[in-house]
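The first residue of the sequence shown is numbered 1, and numbering continues consecutively from there.
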Amino acid sequence: MSRRRPASHPSADDLLTELERLTARALEHAEFQRAQVELAEALQRELLPSALPQPPGLRAAARYAPARHGLSIGGDWYDGFRLPDGSVAFSLGDVQGHDVEAAALMGQVRIGLRAVAATAADPGEVLERANDLLISLDSRRFATCSFLRYDPATGELSHARAGHVPPVWANGDGRWGHCTDEGGPPLGVLPGAKYPVTRHRLSGTGVFALVTDGVIEGPAFPIDAGLDRVATVLRERVTDEPDELAAELLRVADLTGHTDDAAVLLLRHDL
């Protein structure tokens, strides 16, 4: 019978060589991840607006918090801009994914909404055209979105949403609630989709808030509980400065244990 030779054990030099190889690979991966994060942060700085319009009777404020895992940016955005007819538009939304591609597509959707709104101020039509545009890009990703138009001449705020969580509002007289409009499907999913429009006549003192699901949903919170918490904050602090109130709303995300990025857009009216 032949005797089996004992298995050879790696030497200390072999172990050190393997450790150096694994360390070099880990450093290379870390450098790649860091480069992605830096690129994402640069995209965020360029794609989110540095300021929001402040039309008569309305003050706007916004906040953004990055995701807690992965890259420090995802597809959440907020925006505000003036329209040719003298009204003002605001949008807030979330592109599927948490990577550089999501951030880049977010920029395309945001700019696409601006371009469409210049010739179709009605929020429902704006979302219809933006939906067709996103489908034509064949990105294989979708976006949820709320689009608002405020007319300073009439005090009317019109709103449409595409698969997005409903707005929350509160007035200085104690009234509050969630918007119960029907809404339509996310952008980029269904060709020819329609988006119903809800119209509100703003009066007195109050706040109208848009949030992404990263604010109100997480391992510790269902969406309904998150919306109720946002409503409570608005109700209790309806007279706060818009910037302070927007920052307070973003803290709701800390209660949910969220891992998604989060964005808040707050409109304070005094009419």
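Rounding to the nearest 0.5 angstrom, the gap separating the CG atom in L245 from the CG atom in L267 is 11.0 Å. We find the CZ-OH distance between F90 and Y78 to be 12.5 Å, quoted to the nearest 0.5 Å. Remark: L134 CG to L127 CG distance equals 11.5 Å, nearest 0.5 Å. Between atom CE of residue M106 and atom SG of residue C145 there is a gap of 12.5 Å, rounded to the nearest 0.5 Å. Within the model, atoms OG of S146 and NE2 of H164 stand 4.5 Å from one another, a figure rounded to the nearest 0.5 Å. To the nearest 0.5 Å, atom CG of residue D76 and atom OG1 of residue T144 are 7.5 Å apart.
Counted by atom type alone, D270 and T205 present one or more donor-acceptor pairs between their side chains at under 3.5 Å. For R149 and S87, the side-chain atoms include at least one donor-acceptor pair closer than 3.5 Å.
For the pair A62 and L265, the tightest heavy-atom approach, listed with the atom from each and the gap, is CB-CD1, 4.1 Å. D79 and P49 make their closest contact through OD1-CG, 3.8 Å (heavy atoms, listed as atom of the first residue, atom of the second, distance). Closest of all the heavy-atom pairs between P196 and G184 is CD-N, 4.4 Å. Nearest approach of R82 to V88, heavy atoms of both residues: NH1-CG2, 3.9 Å. Looking at every heavy atom in both residues, A262 comes nearest to A253 through CB-CB, 4.5 Å. In plain terms, the two heavy atoms of G124 and V197 that are nearest each other are N-CG2, 3.3 Å.
Counting heavy atoms from C-beta outward, V264 and L92 have side chains that stay 4.5 Å or more apart. In this structure, Y64 and T212 have side chains that are not in contact, with every pair of non-hydrogen atoms separated by 4.5 Å or more. Taking the side chain as every heavy atom from C-beta outward, N131 and V189 never approach each other to under 4.5 Å. Residues L137 and L105 meet the side-chain proximity criterion, which asks for heavy atoms closer than 4.5 Å. In this structure, L187 and F142 have side chains that are not in contact, with every pair of non-hydrogen atoms separated by 4.5 Å or more. Residues L234 and F208 are not in side-chain contact: their nearest non-hydrogen atoms beyond the backbone lie 4.5 Å or more apart. Contact of the P166 side chain with the R161 side chain is registered, since non-hydrogen atoms from C-beta on lie closer than 4.5 Å. Taking the side chain as every heavy atom from C-beta outward, L266 and R63 never approach each other to under 4.5 Å.
At most 12 non-hydrogen atoms from other residues, nucleotides or ligands lie less than 6.0 angstrom from CZ of R140.
Proximity of a side-chain donor or acceptor of R268 to a complementary backbone N or O of D240 within less than 3.5 Å is detected. Looking only at distances, no side-chain donor or acceptor of H159 sits under 3.5 Å from a matching main-chain atom of C179. Not a single donor-acceptor pair under 3.5 Å links the side chain of Y150 to the backbone N or O of P55. Panel note: side chain N171, backbone D173; no donor-acceptor pair is recorded below 3.5 Å. With hydrogens and angles disregarded, no donor-acceptor distance shorter than 3.5 Å links the side chain of H200 to the backbone of S158.
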Per-pair distances, 0.1 Å, donor-acceptor, side chain in residues 220-232, under 3.5 Å, sequence neighbours excluded:
from: T232; atom 1: OG1; to: D228; atom 2: O; distance (Å): 3.0

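Hydrophobic clustering keeps I135 apart from Y195 (ILVMFWY residues linked when any side-chain heavy atoms are closer than 4.5 Å, directly or through intermediates). A chain of hydrophobic side-chain contacts below 4.5 Å, direct or via other Ile, Leu, Val, Met, Phe, Trp or Tyr residues, connects L83 to L113. Hydrophobic clustering of Ile, Leu, Val, Met, Phe, Trp and Tyr side chains at less than 4.5 Å, counting indirect connections, keeps I111 apart from F147. A continuous path of hydrophobic side-chain contacts links F81 to V126 [ILVMFWY only; heavy atoms under 4.5 Å].
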- Report the C-alpha separation of E241 and R59 in whole Å, then their side-chain angles, then the decisive distance to 0.1 Å, and conclude whether the salt bridge (charged side-chain N to carboxylate O under 4.0 Å, His left out) test is met. CA-CA 9 Å; E241 287 295 310; R59 298 169 64 191; 2.5 Å; yes
- Task: Before giving the answer on side-chain contact (heavy atoms from CB on, under 4.5 Å), spell out for V168 and V211 the whole-Å C-alpha distance, their side-chain angles and the decisive distance to 0.1 Å.
- Result: CA-CA 9 Å; V168 184; V211 299; 5.8 Å; no
- Message: side-chain hydrogen bond (donor to acceptor under 3.5 Å, both in side chains), that's the test. Do R129 and T119 meet it? Break it down for me.
- Response: CA-CA 11 Å; R129 294 189 186 182; T119 57; 3.1 Å; yes
- Task: Take D181 and R199 through the test salt bridge (charged side-chain N to carboxylate O under 4.0 Å, His left out) and record every step on the way to the result.
- Result: CA-CA 10 Å; D181 58 298; R199 305 184 192 278; over 6 Å; no
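A salt bridge (Lys or Arg N to Asp or Glu O under 4.0 Å) with K194 is found for exactly one of E182, E125, E128, namely E128.
A cation-pi arrangement is found for R235 relative to W176, the charged atom lying closer than 6.0 Å to the ring centre and inside a 45° cone about the ring normal.
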